[in-house]
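What you see is a predicted model; the values in this text were computed from it and never measured.
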Amino acid sequence: MKGIAFLLAVFFALCPVAGQAVFADGQGGEKDFSRSGLRLNIFSDSEMDFQLLRSFGADTGGGGAPGEILWAAREIGDGNPASWSKAFLSLAQRVEEDGRARLERGHDVSARESFLRAASYYRAAEYYGDPLSAETRQWGMKCRETFLKGMELSRWKVEAVFIPSGTGDDFFPGYMITRGKPGERRKTLLAQSGFDGTAEEMYFGIGKAALERGYSVLLFEGPGQAGKRRFHPDSTFISDLGPVVRTITDFAVKHPEVNPRQIALYGASFGGYFSLSGALGEPRLAALIVNSPLLDMQEYFHASMGQQTVDMFKKNDLTLEDLKNIPEGEIPLKYRFSMLNLTLRFGKESMRGVFDAFSYFRIPDERLKTLAMPALGLISAGEGTVPLAQAKKFAETAPKATLHVFERESGANAHCQLDNGPHSSAVALDWLDELLR
């Protein structure tokens, strides 16, 4: 552990506002990278402030209530992940119990609403949980449990699916959600989240909006993603999702409520990169929507963390074992959890290994030019010059690509438009409706 204290001191000096995730505002500030063009200013910690905005963003899909979220925020210490998880866990348990009590009295609609809000709050608790703790996984499983309880009381038909990956007992978890008469084939949206999002969160974002427009919806979790790691904690990210998307599409085309000629793929955040890499070479997809269009994850991550921080870790490595054995209280939990999440999700033994791995998560121009289906890229104007440049390159290079930039006055200023989900869904799904007519 020699030199660790010095290394971490430099890290804190270079990243004074870095948060739990790798996507906190980087050294370049809003000019190069930003999580959101809008701040709530409830927390001075920029990442925690963004995560609260993220929780508010689920409200329009039934995944929260502002009063409940604000009340929980009163119990959270600024920048303290343990207090965040404690506050949202308490809220989730309270709202789940409310749903159970209402269900016992025969109030199915009220119970459904409570269960779905509880699921969203369990996800929020999971986000800031210790990535090495079995307790964090339990909160994720409670998110699944309450989500399914709520959906079983909805007007949709929901099925928890475990799609075999083709390797041993491995599978991709997800939810197949349909509407209408059994066997009625409908246009279908396949959707996945990114670095730390979940399938449940995707329902509150794009899934419910698609169902209301007549789509069947398959929400799935790929390698390394949060919902996948609940079942397989050793699962790690892969740079080419082609085999995964082919497996998911194989499942979808065989489903009796899916029109095999009208299947679209949607990816959010890091899922924008995943879905784009997976769509290349998959001719059965009628369309692709990427929110955001990410082409070079090394460039993107470097912008989010700041080049000085990247250079420091390349020169002075910090290993996974170092992170596991750092005495409690020596560094703030948010920094330890952030670095643990990076090493664990990318399956690397050190921070240097993580930075080296970023270089493989890249889609070169020659591959992008082979994207055969119509594609829509979505990005908010306030996300910074690096994400915007990648989005514009996507639109200029992919043969049938269109780009929609959400200007600041649209009220969709955050990454993935988490601050204005209805507007984001309208842009994405109106484009898709017109394409599939």
[X] and [Y]: side chain donor to acceptor below 3.5 Å:
| X | Y | result |
| --- | --- | --- |
| Gln225 | Gln192 | yes |
| Tyr300 | Gln390 | no |
| Tyr215 | Asp433 | yes |
| His415 | Ser269 | yes |

Would you call [X] and [Y] a salt bridge, taking side-chain N to carboxylate O under 4.0 Å as the test?
| X | Y | value |
| --- | --- | --- |
| Glu200 | Arg230 | yes |
| Lys393 | Asp296 | no |
| Arg284 | Asp250 | yes |
| Glu96 | Lys142 | yes |
| Asp98 | Arg102 | yes |
| Arg186 | Glu184 | yes |
| Arg117 | Glu113 | no |
| Arg123 | Glu126 | no |

Would a 4.5 Å heavy-atom cut-off, applied to side chains only, mark Tyr266 and Leu189 as touching?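 A side-chain contact under 4.5 Å exists here.
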
Could you tell me which residues satisfy side chain to side chain contact (heavy atoms under 4.5 Å, CB included) with [X], sequence neighbours excluded, listed by chain and number?
| X | answer |
| --- | --- |
| Leu132 | Asp130, Lys324, Arg336, Leu340, Leu344 |
| Gln262 | Lys187, Asn259, Leu436 |
| Arg112 | Val109, Leu116, Leu153, Ser154 |

Pairing residues for Asp59 by the salt bridge (Lys or Arg N to Asp or Glu O under 4.0 Å) criterion, not counting sequence neighbours: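 Counting only residues at least two positions away or on another chain, Asp59 forms no salt bridge (Lys or Arg N to Asp or Glu O under 4.0 Å).
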
Contacts of type salt bridge (Lys or Arg N to Asp or Glu O under 4.0 Å), residue Arg229, not counting sequence neighbours: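 So Arg229 forms no salt bridge (Lys or Arg N to Asp or Glu O under 4.0 Å) with any residue.
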
Any donor-acceptor N/O pair, Arg185 side chain to His255 backbone, under 3.5 Å: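 Indeed, once roles are kept as given, a pair shorter than 3.5 Å links the two residues.
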
Which pairs pass salt bridge (charged side-chain N to carboxylate O under 4.0 Å, His left out) with one or both residues in residues 203-214, sequence neighbours excluded?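 Passing the test, one end in residues 203-214: Arg155-Glu212.
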
Run Tyr128 and Phe88 through ring-ring contact (aromatic ring centres under 6.0 Å, His included) and show every step you take. CA-CA 10 Å; Tyr128 268 117; Phe88 272 98; 9.2 Å; no

